[in-house]
Peer 1: 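Structure provided below as structure tokens; questions to follow.
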Amino acid sequence: MSLVEPHVLSNIVVAVLLGGAVAAFAIARRSDLWSQAGRELIGRRPIAIGAIALFVSVAMLDSVAWVGGGGAAGNVLEQSRPRSVVDRMFAPDFKEKSYSAPLADIEFYGGADLSHPGSHLLGTDILGRDVLHLTLKGARVALLIGGLTSLIVIPLALLMGISAGYFGGRIDDIVFFVVSTLASIPTLLLLIALIMVLGHGPVQVCVAMGVTGWVGFCRIVRGETFKLRELDYVQAARALGVSEIGIILRHILPNLMHLVVITFVLLFSGLVLSEAILAYLGIGIDGSWGQMIDQARDELARDPIIWWNLVAASTALFALILSVNFVGDAVRDILDPKTLGEGE
Amino acid sequence: MLAYIVRRTAYGFVVVLGVLLLLFALFFLYAEPIEMARRAVGEKAPPEVLEQWVVNHGYDKPTWWNSESPGDTMLVDHFRSMLTFDFGRSDADDSPILERIRAGMGPSLSLTLPIFTVGVLLGVGLSLFVAYFRETYIDRMGVVLCVLGMSLSILLYIIGGQFLIGKMLRWFPISGFDASPAVMLRFLALPVLVGLAEGLGGSIRFYRTVFIEETGRDYVRTARAKGCGDGRIMARHVLHNAMIPILTRVVVSIPFLFTGSLLLESFFGIPGLGSMMVDAIHGNDFATLRAMVYIGALLFIAAQILTDIAYTLVDPRVRLA
Amino acid sequence: MSAAIEGSPNACEPLLRVEGLRTWFPIRAGILQRTVGNVRAVDNIDFEVAAGETLALVGESGCGKTTVGRSLLRLVEPQAGRVLFDGVDLCTLSKRELIPYRSDIQIVFQDPMASLDPRMRVRDAIAEGMRSFGIGANAAERTERVAALLERVQLDPAWMSRYPHEFSGGQRQRLCIARALAVEPRLIVCDEATSALDVSIQAQILNLLRDLQQDLGLAYLFITHDLGVVRYLADRVAVMYVGEIVEQGPTEQIFERPSHPYTQGLLSAIPSTDPGRRGISARVIGDVPSPANPPDGCRFHPRCPQAFERCGRERPPTYFAGEGSSRCFLSDPAAG
Amino acid sequence: MRIADPAVTSPVIATFSKIAGLRDFSQRLQALRDESPEFAALRIDRQYEKAGSIEGVRLHGDFGLEIVLTEPYPQILYWFAMPFTTPVPWEAVAYYDGEEGRPFFKDHPVGCGPFEVSEFDKQSKIVMSRNANWYGVQHPEWKAPGTVYPSEGEAIDRRLGRLDPAYVGRSLPLLDRIELRLEKEHIPAFNKFLQGYYDASGIVHESFDKIVQEGGLSPEMAARGMKLEKSVDPDIYYIGFNMNDPVIGAPAGERGRKLRQSMSLAIDVVEFNRVFNNGRGVPAQSPIPPGIYGYEQPYRNPFRQLDLTRAQALLEAAGYSGGIDPETGKPLRLSFDLGDTSTAGRLRFQFFVDQWAKLGIDVEIAATNYNKFRQKVKEGAYQIFMWGWIADYPDPENFLFLLWGTMAQANSGGPNTANFDHPEFNRLFEEMKGLDNGPERLAIIHRIRSLLEEERPWIELYHRESYALYHSWMRNVKPAGLSLPAAKYVDIDPIERKRMRDAWNQPILWPAYAGFALVALIAIPGVVTFLRERQ
């Protein structure tokens with residue numbers, strides 16, 4: 001038993017994230033560059049930004065959970081479990097015995113009466129769980145995959161890329177060797193091997209994705225740092241007696257920030273899509289849309305077919321990735337006029 | 001030039017050693033030989049059989065260092081067997097790995113080669129078309145379609161393709177494989193189609209960016225001023241000068257021709273290397289997985305060396321110190 | 001470490017004395033990337049800059065003059081030689097020991113677009129050096145100083161919270177000067193500081209630099225290929241050719257009586273209004289040799305119109321004559 | 001002798017070691033090989049010859065073999081009926097040694113039936129073709145038993161048209177070639193069957209409703225001429241408790257027993273089969289499946305009938321009132337370990353977890369990959385698990401020994417993963433083991449059964465039911481479990497097959513044309529205007 005219950009931890013994380021977002025927003029507001037880029041982005045892709053905001057808020061609401069108030073009457077177990085805001089939007093025992101079609105009154109197979117006739121907007125899955133509920137909960141997993149992994153990828157890539165690019169020499173040789181070694185192994189296979197070693201679970205999967213994902217970004221950072229290091233203003237800062245760390249923090253890092261933003265956006269969609277493949281291989285994250293799609297694989301073969309599970313999960317996944325891709329394109333256009341060239 | 005090639009190759013070899021070390025760390029430090037044995041020989045096997053299996057597969061040796069005979073450790077065995085391509089036997093069913101790789105290469109290639117060649121041609125062709133009509137609604141629609149295509153999961157392409165084209169429309173058989181060429185074409189049609197559809201969005205978008213960048217350059221404007229036709233400019237100048245990014249993308253994807261496609265092969269029942277790997281993953285068949293990862297990495301490193309050398313040949317501007 | 005550091009400069013001792021400075025860049029080749037040669041960007045040069053004086057370093061592009069500037073500040077590491085600032089050899093100091101001396105020498109670069117961090121406000125950019133040298137007790141005081149500096153370079157202090165991209169090229173160069181001034185230097189290396197500017201703006205910047213010199217007693221090492229600028233600003237001139245200083249002397253002397261054939265060639269390239277001057281000196285033909293593989297003997301001899309047999313065989317030493325010096329056999333007083 | 005060969009690493013060596021002298025032989029062989037490389041290089045039959053005979057195996061003339069066991073073990077007769085003891089020619093063993101491009105013997109079986117293996121690809125298919133050297137093929141004129149289509153059989157065969165006079169008297173085998181395919185994804189495989197690309201198939205549970213209705217074929221499928229064969233497999237699926245666990249196992253004494261009983265009463269296996277297996281599967285009452293001696297169809301295990309009220313009462317009696325663990329004041333937390341991380345697998349486990357949740361017990365699913373799971377089992381770091389067992393031979397001993405204390409995983413690494421070690425059970429089991437089927441044995445089985453009822457080391461779930469489908473063009477099929485000796489009777493009507501396959505697979509092409517038209521329609525105006533503007 002850990003000292004902090006998972007749901008409390010999750011609440012803290014949400015609070016920190018919210019605080020961080022507010023702080024980032026405040027900083028961005030102060031900086032003309034960023035606030036202008038932000039305004040332009042919203043102007044260009046209002047719908048996609050709105051969709052992402054929706055996904056993020058659902059994920060946030062699903063991350064804030066507390067015990068008590070709700071749960072099926074008379075069931076101590078359910079009452080003692082933390083329920084998130086999203087969970088609370090559904091009745092505590094909003095369950096059927098098995099499949100039911102969207103808004104159906106009777107069970108899909110056998111035709112028995114439902115306990116909540118006509119109220120499952122997207123039907124129920126094989127265990128009778130409401131598909132809408134599951135789909136909403138999937139948003140949290142998707143953002144977790146993207147967010148947590150980026151949290152590993154970006155600092156790691158920045159650290160390695162900057163030290164290689166800035167200091168050069170031996171450090172560069174070592175970083176470059178590690179990068180080329182990791183990059184030589186087919187990504188998916190390395191990912192699978194890592195998950196086999198690290199074990200199964202959301203954090204492990206994210207760590208594995210992080211380990212395989214930082215390489216490409218590290219290369220970009222290294223190249224860019226290489227260029228920045230030679231620029232006159234960095235030289236001027238040296239002449240002004242600014243320490244190496246100071247130069248990195250004040251001149252190199254801020255001038256890499258646009259790359260970080262672009263990478264984050266592009267990385268995100270790739271990560272969520274590859275989780276779907278992992279789900280097929282049986283090493284995905286529980287509750288992800290990838291798992292729902294994987295499960296729906298069998299359901300399409302049923303006769304009459306169960307389509308709502310697949311449609312719900314893949315629409316949600318598609319909508320998120322599409323919005324992120326659109327926003328990613330726009331971000332790249334706005335922040336980097338040269339266009340970096342897609343991926344690796 | 002020769003010195004560069006030699007040095008580049010030597011560095012490639014060093015990277016291969018790095019890959020091997022990483023593979024060793026991944027596969028040997030984690031594996032629990034006796035459980036692998038149980039999985040391979042069967043639940044019902046008595047302990048001495050399991051131990052025999054462990055010995056036969058060399059998993060009983062000291063991991064890093066053997067004070068009695070320094071050459072007789074798993075580490076040394078690992079490097080020796082990988083570097084000599086003596087992959088030994090599968091952990092799952094004791095079949096010789098190299099032979100299986102050889103057998104799986106054909107089916108894999110028969111799937112990936114059409115996807116690869118048609119994909120490159122179609123990608124370059126369509127993106128030239130789209131780039132030619134840029135800033136018209138054809139271009140904008142093309143870009144939106146590409147993003148749409150890139151946002152779909154490959155699982156959805158496969159499931160949807162099998163369901164729609166195979167089951168509902170009955171154009172092609174849903175899955176299967178046959179070595180005789182005439183029948184093979186019928187079976188391969190659907191997976192090739194799905195593979196193409198899945199990759200096309202990304203590649204069109206990539207090539208489009210490359211072409212549009214090239215069309216913006218001075219020499220294109222000069223050519224246009226000289227009165228060259230649009231088609232000629234696209235075909236001769238732009239395509240020619242966009243060769244480097246195209247080449248990079250193409251060469252780097254060559255290794256994947258051999259390693260096959262994990263998902264396509266297992267969904268469509270193609271007995272290639274991809275489905276072999278899926279089996280290995282499901283069966284915890286480390287020996288096979290290790291060999292496949294190694295070969296994949298080897299091909300990738302080789303392809304990269306070739307790309308680097310090709311750079312110097314294709315583009316006189318690229319000078320490698 | 002003598003009294004010189006304490007701040008009472010010896011009258012005879014110049015502010016900066018460079019002795020035998022050599023900055024080579026290795027060329028690696030072959031399978032093992034062994035060093036097979038060197039780009040002799042700066043090859044054994046000596047010069048001095050007195051306090052309050054302007055020395056112009058001129059030469060064609062690629063002759064190594066920029067490397068000289070950067071070597072002084074140890075932005076690139078010289079291989080050999082001494083850079084004596086106030087009698088202290090900067091080259092022997094460790095990076096940490098060097099930091100206090102950093103404030104004495106500052107640099108202004110050629111490209112005003114690249115020399116300011118695009119993501120840093122003007123105020124922060126100028127105050128950056130003050131922070132590292134502890135000038136100004138707190139942020140408010142520093143802001144005050146930034147305002148004063150902006151005024152000093154004839155910019156509106158109200159603009160200090162703008163970003164560099166909101167300024168024009170000339171304004172940015174003023175910002176760079178302000179940034180350099182912020183740490184109260186005694187020597188400023190101007191590395192082609194006006195080359196990238198329009199002619200009208202160039203003049204403004206030159207005037208500004210001259211005013212500052214008079215007011216603050218600054219010394220300049222003015223690196224340029226523009227001889228017009230040199231004549232306007234410099235007290236003394238050093239001419240560089242392929243990593244070496246071939247001629248040195250007071251501006252008047254160099255412009256009126258250049259003794260080295262290369263200097264003569266350079267000067268003849270200036271469009272002149274004086275018709276009598278034309279045709280006196282021969283034009284310099286051919287290309288600059290590679291500093292990786294400089295010619296034997298006098299480095300200028302393959303292009304020199306007055307070259308004779310000895311020039312290809314022997315390297316001419318530096319001959320001193322009056323206030324000037326020249327590295328040419330023709331200047332040999334013995335040869336007359 | 002091959003089984004005893006240490007190089008073969010036979011998984012059944014333990015069983016056959018009951019033959020007197022087998023182990024000695026094995027050790028002698030190994031020692032000889034270790035001693036001299038020349039010996040190891042000898043042909044395999046010479047090696048065996050030199051190693052001497054097995055003490056407990058004696059020849060009696062040309063057709064008699066006497067085998068002496070070290071202990072009473074009637075079940076060995078079943079083992080002798082299994083493929084392990086199929087005679088193999090040593091020439092073939094020596095020839096197929098994996099050298100010079102020859103496959104290994106195990107990948108190239110050599111036998112003496114009507115079919116021979118002509119292609120063996122572990123990844124995708126096995127092809128069997130008519131064995132030209134089979135005596136039935138070489139000498140059809142002998143009309144030897146088993147080489148011609150029979151004229152008589154069981155009553156059911158006549159009724160189902162398996163004794164068609166058109167076939168009677170024809171030489172066997174009827175087919176030239178049989179191709180068995182391995183399909184990794186079962187859904188495409190089944191679809192291919194429905195489209196007529198396979199002649200026979202199992203039923204994918206997902207498609208069950210369309211195919212099978214009320215125990216028979218759906219009218220739609222029957223109209224296609226499809227045939228359905230059902231059988232119950234000799235197996236058992238069960239949820240096991242780790243009896244060494246301090247909470248749910250034997251150390252918890254009476255409390256643990258009541259907890260297990262309660263948890264057993266909460267599992268509704270009928271619902272499970274309905275949801276996941278389309279109602280297929282016989283709810284298990286004891287470890288012994290139908291078709292095995294000791295299975296009694298009317299028997300109902302009182303703790304395997306869904307009864308939540310009684311379950312709650314028992315839980316309360318165990319001290320976990322309403323599922324609350326008095327030590328923590330929170331719902332009792334247990335872990336359900338599984339070695340399957342796939343989505344489908346987790347859903348099944350979630351079903352059980354949901355059922356226990358109704359009691360207020362908080363069961364957590366701990367999914368790891370199979371190796372990790374095995375490791376956990378070995379270390380005893382598990383509480384609840386689900387497993388299955390398929391009969392090796394039709395004897396209750398083969399099921400009940402899964403609970404025999406001597407076989408406990410913790411003690412011996414044996415298959416008793418529940419670590420059930422009950423003195424009374426062990427005594428009864430050992431007694432039962434050596435007995436022939438009869439009233440005496442049945443009485444003991446009854447006593448074991450009621451002991452297990454109470455003790456509940458397992459929650460017995462179900463015995464699988466297999467459904468097999470055949471197309472109309474496949475004739476003379478008679479299911480016989482896993483064995484294939486009936487293949488020689490099977491016939492195919494290729495003309496019919498071609499006709500129906502074509503009829504079922506008419507491609508619908510209009511969407512393709514429509515798609516092309518749409519693309520053209522959208523693109524052409526743009527191209528035209530664009531080109532006009534360029535001019």
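Here is how names work: the chains are called A, B, and so on, in the same order as the sequence lines, proteins then strands, and each is numbered from 1.
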Peer 1: Quick one: pull up OH in B/Tyr294 and CD1 in A/Ile185 and give me the separation to the nearest 0.5 Å.
Peer 2: 12.0 Å

Peer 1: Is A/Ile192 close to chain B through its backbone or its side chain, or both, or neither, when contacts mean heavy atoms under 4.5 Å?
Peer 2: side chain

Peer 1: Which atoms form the tightest heavy-atom contact between B/Ile301 and A/Ser184, and what is the distance?
Peer 2: CG1-OG, 3.4 Å

Peer 1: What residue in B/Ile158, B/Val210, B/Val278, B/Leu152 has the most heavy-atom pairs under 4.5 Å with chain A?
Peer 2: B/Leu152

Peer 1: When rounded to the nearest 0.5 angstrom, what is the spacing between CE in A/Met292 and CG in B/Leu155?
Peer 2: 13.5 Å

Peer 1: Do you know which of B/Val144, B/Leu148, B/Leu298, B/Val293 has the most heavy-atom pairs with chain A at a distance under 4.5 angstrom?
Peer 2: B/Leu148

Peer 1: Working to the nearest 0.5 Å, report the span between CG of A/Leu189 and CG of B/Leu26.
Peer 2: 11.0 Å

Peer 1: Quick one, B/Met150 and A/Leu322 - any side-chain contact, counting heavy atoms below 4.5 Å?
Peer 2: no

Peer 1: By the side chain to side chain donor-acceptor pair (under 3.5 Å) test, which pairs, at least two apart or in different chains, include something from residues 147-159 of chain B?
Peer 2: A/Asn325-B/Ser151

Peer 1: Please look at A/Ser269 and chain B and tell me whether the side chain, the backbone, both or neither of the residue comes under 4.5 angstrom of a heavy atom of that chain.
Peer 2: neither

Peer 1: Considering all heavy atoms of both residues, which atom of B/Tyr11 and which atom of A/Phe177 are nearest to each other, and what is their separation?
Peer 2: OH-CA, 3.4 Å

Peer 1: Side chain from CB out, backbone as N, CA, C, O: work out which of these in A/Leu320 comes under 4.5 Å of a heavy atom of chain B, or both, or neither.
Peer 2: neither

Peer 1: Which bit of B/Leu22 is near chain A, if near means a heavy-atom gap under 4.5 Å: side chain, backbone, both or neither?
Peer 2: side chain

Peer 1: Do you know which of A/Leu182, A/Val179, A/Thr181, A/Val178 makes side chain to side chain contact (heavy atoms under 4.5 Å, CB included) with B/Val15?
Peer 2: A/Thr181

Peer 1: Should A/Ile293 and B/Ile159 count as side-chain neighbours, where that means a heavy-atom distance under 4.5 Å?
Peer 2: yes

Peer 1: So, using salt bridge (charged side-chain N to carboxylate O under 4.0 Å, His left out) as the criterion, who are the partners of B/Arg8 when residues are at least two apart?
Peer 2: B/Asp308

Peer 1: Could you go through A/Leu317 and B/Leu156, starting from their C-alpha distance and side-chain angles, then the distance that decides it, and tell me whether this counts as side chain to side chain contact (heavy atoms under 4.5 Å, CB included)?
Peer 2: CA-CA 11 Å; A/Leu317 179 70; B/Leu156 218 59; over 6 Å; no

Peer 1: Non-hydrogen atoms of chain B under 4.5 Å away: do they reach the side chain of A/Ile283, the backbone, both or neither?
Peer 2: neither

Peer 1: I need the residue from B/Ile154, B/Val14, B/Leu289 with the largest number of non-hydrogen atom pairs under 4.5 Å to chain A.
Peer 2: B/Val14

